[in-house]
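Written out below as C-alpha cells is the structure these notes cover.
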Amino acid sequence: MENRTFTISVYSENNVGLLNRISGIFLKRHINILSLNVSESEIENVSRFIIVVETTEKWVQNIVGQIEKQIEVIKAFYHTDEETIYLENALFKIASSLLFDEKQIQNIIKDSQSTIVTVSRDFFVISKSGRRSEIEELYAKFKPYGIMQFVRSGRISVSKQKMEISTMLETFK
Amino acid sequence: MKISGAEAVIRCLLAEGVDLLYGYPGGAIMPVYDELYKFQDQLHHVLVRHEQGATHAAQGYARATGKVGVAIATSGPGATNLITGIADAQIDSTPMVCITGQVGKHLLGSDAFQETDIIGISTPVTKWNYQVTEASEIPEVIAKAFYIARSGRPGPVLIDITKNAQFDQLDFSYEKCTGIRSYTPVPKLNLEKVAAAAALINSAKKPFIIFGQGIILGQAEEEFKAVVEKSGIPAAWTILGLSAMPTDHPLNVGMLGMHGNYGPNLLTNECDVLIAFGMRFDDRVTGKLSTYAKQAKVIHFEIDPAEIDKNVKTEIAVLGDVKEALTALLPLIDAKSHDLWHNEFKELKKIEYDSVIKEELNPTNNKGISMGETIEMINKHSKGDAIIVSDVGQHQMFACRYAKFNSTKSNITSGGLGTMGFALPAAIGAKMGKPDREVVAIIGDGGFQMNIQELGTIFQTQVPVKIVILNNEFLGMVRQWQELFFDNRYASTKMINPNFVAIAEGYHIKSKKVTQREDLDAAVAEMLASKESYFLEIMVEKENNVFPMIPTGACVSEIRLS
C-alpha cells in the first residue's frame, strides 16, 4: 500500500488535554503530522481538528479508529485530497520600499489574487489563501526581493460529501 | 449540604459502591486520607508498601470480582509509581479508578515540591484522565470516571485533584453518570451481521473458535458455552481468555500463542473459518501476521471498533456486546459435532503430550523439580477451584498451560504488558475481593523481588494468600531466549538470591522451602490447608525451557516442540 496524503477531521468536545491524547496516537506510530489546525466547528461547543498526514490507507484507518476511541471524540473521518476542498493561508511581511521601488511586486500581488492586509511606513503584509503549491509559487516570486517574515497556517478543509456529524449530534439531544 | 472536596471524594466512592481501596498517603492527598480516617468503618483502606502495589492490588481485585478497582496516591512520585499498574490495566482492559493528589492550583506549572504533570504522563496509558482544580467539579468527574472505567471495553481512569480542591467547600450532591454524548461504550448489534456470521459458520468444514477476555468482561460465559456446545466447534483461548470456559471441557482444545498448545497453533493455519470472540489478535497470538490464517475467512465478534481489521483482516465483523451477540447467534447456528476435524486436534495433542507434556508433568530424567509438576500438584490439591495469580516469565507460561480452572475469573495474570512484580500485590487484591476462594500466587524469583515489599501488606492485613515461588535462580524466560537465540550467552540473567524463607518469616508469614521432589506433595497440601497466608519456595530445575514455542516473528505453524 503506497503512502498518500490524507486529511483527518476530528469532531470533539472542547476539553483540555484532548490535543495531547490525539497527538500521542501519531507519536506512538511514529507518524509525522504535516499540518494541524484546531478551531470551532459549525456545531456549537464542538471543536474540529484538521490533521494532514502522509501514510497508507491502512494506517490512516487504524489511526482514525484509535482517535475515535478517545472519550471526548465525537467522530473522526479521513479523506483524500480529491474528496475535500482545502486550502492554507499565508502571510508575507515585505519591506514597504519595495512596493514603490519594484514595480513587478505590484504585478505579483495582482496576478496571485492575494490581499494586502496592511501597509505601514516600514513594511506591508500580504495575505494569500490557496493550495500549498500556490503559496509556494508566490513565496518563490517574492523571495528574490526579500521577505522579512513568512508564516503559513495549517490546512483547513471541508469535505465534498456530507458528514453525518450533525445528524449524530441530534440523536444525543 | 456543604462539605469539603476531600469528603466529597469519599462520598462519591461510597455512592459508587466502593468499600475497599488501596493506596499510600502523602502531602498532596492528605485531606482525603483525613476523611478516610473518619469513614474507616464504611471504606476500608489498605496501606500497601509501594504505590505500584496499590494498582496491581486494585487490578487483582477488579479481575477477580468484575468490579472497579480503586487506587489512591499522592502527587509526584506517588502518582508516577502508579503508572506501571495503570499501563498494565489499560492493555488488559481492567476497570480501575486511580485518584492522585496534586499541588495547589496556584502552584501548578511552577515545579513545586512533588509536582509532576501526571495528566500528561498518564495520557497514553489511561482510557480517560482529568485534573480537578475546583471542589465543585469532584462529584461529576468521579461519576464520569467510574462510568468510563467500567463501561464498554473497560480500562483505567486517573483523576488528579489539586490540594485546594480537596480543602475547599462545595454543595454536595451525587448523580451517577449514565452517558456521555461523545462516547458510545457498546456499539449497537447488527443482526444482519450476526446472521451472516451464522451462515458462514454453518457452511464451514473446519471452523475454529478462538476466545479472549471479552467473554469474561462481557459476562457471557454461559452464552459462549452454549454456542460452542451446539456448534461442536473446537475452541482455544488466549492467555486472558483462560478460565472463561472450564479447562477440562471436551471442546476446549487449549491455549493459543507463543507458548500455547501445538494443535491450536498449527491448525489456525488449517481452519477454513476462524471465529474470534472478544480477543484482539495480539502479536503473541498471531506470530507473523503475513502468514496468519491466510486460508481462513475470519469472523470477529468485538466491542471495540478500533480492533476490527487492526491486525487481521475480517470477512465479517460483528460489533457490539458479546453476550447479546452470542444470544442472537445461538438459534441461527446448526448443531454439529465436527468429529473428523476434532480428531486432527486430538492427534496433535497426543504428539505434544508425548514430546513435551508427559516429561514436564512426570519428569523421569533425574533432573530437578519441574515447574509443570508443581502446577500439576497445585491442581491436585486445589481441584481446579483456586484463583491462580501468575507473575511474568516461564512460570507464568507453565501456570497458564497447566493450571486447571473450573470457574471463570480464576486466571489473573499480566498479559499484554507482561509486568514482572504483578502477582504478589494482585493476589492480595484478588483474595480481598473474593475472600471465599483460595488464591495462589505463582511467582518467579525475579518477579518476586520486584514487589517483595508487599509481604508487609500481607502481614499487616493478615490476608491469607498463598505464595508459591518457583525459584530457578535465573530470569528464566530471558535465559531461555539467550539459550535459543543468543548462543547461550547468559548476560545478566543469573540471580544470586537471598534467603526468601527468612524474609517471609521476617514478615511473620508461615514458610517452607522444598528442594526435593518427594517433599512437594505434602508441602503443597500443607500450604493449601493453611487458614493463614503461606509462603512456599520451590527450588526448580535451573535450565528448564517452556515448549512448545513460536519464535518471535515466526509463523504459528512453525511452532517448535523442542
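The sequence lines fix the lettering, A, B, ..., with proteins before strands; numbering per chain opens at 1.
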Checking the side chain of Ser182(B) only, and the main-chain atoms of Ile71(A) only, is there a donor and an acceptor separated by less than 3.5 Å?
yes
Does the separation of the ring centres of His300(B) and Phe281(B) fall below 6.0 angstrom?
yes
Between Ile308(B), Asn129(B), Ile119(B), who has the most heavy-atom pairs with chain A when the cutoff is under 4.5 Å?
Asn129(B)
Against chain B, work out which of Leu27(A), Asn20(A), Ile25(A) has the most heavy-atom pairs shorter than 4.5 Å and name it.
Asn20(A)
Checking ring-ring contact (aromatic ring centres under 6.0 Å, His included) against Phe6(A), which of Trp59(A), Tyr86(A), Tyr78(A) comes through?
Tyr78(A)
Could you look at Glu68(A) and say if it's the side chain, the backbone, both or neither that has a heavy atom under 4.5 Å from chain B?
neither
Take atom CD of Glu42(A) as the centre, draw a 6.0 Å sphere, and report whether it contains more than 12 heavy atoms from other residues, nucleotides or ligands.
yes
Pick whichever of Lys58(A), Lys75(A), Gln61(A) has the most heavy-atom pairs under 4.5 Å with chain B.
Lys58(A)
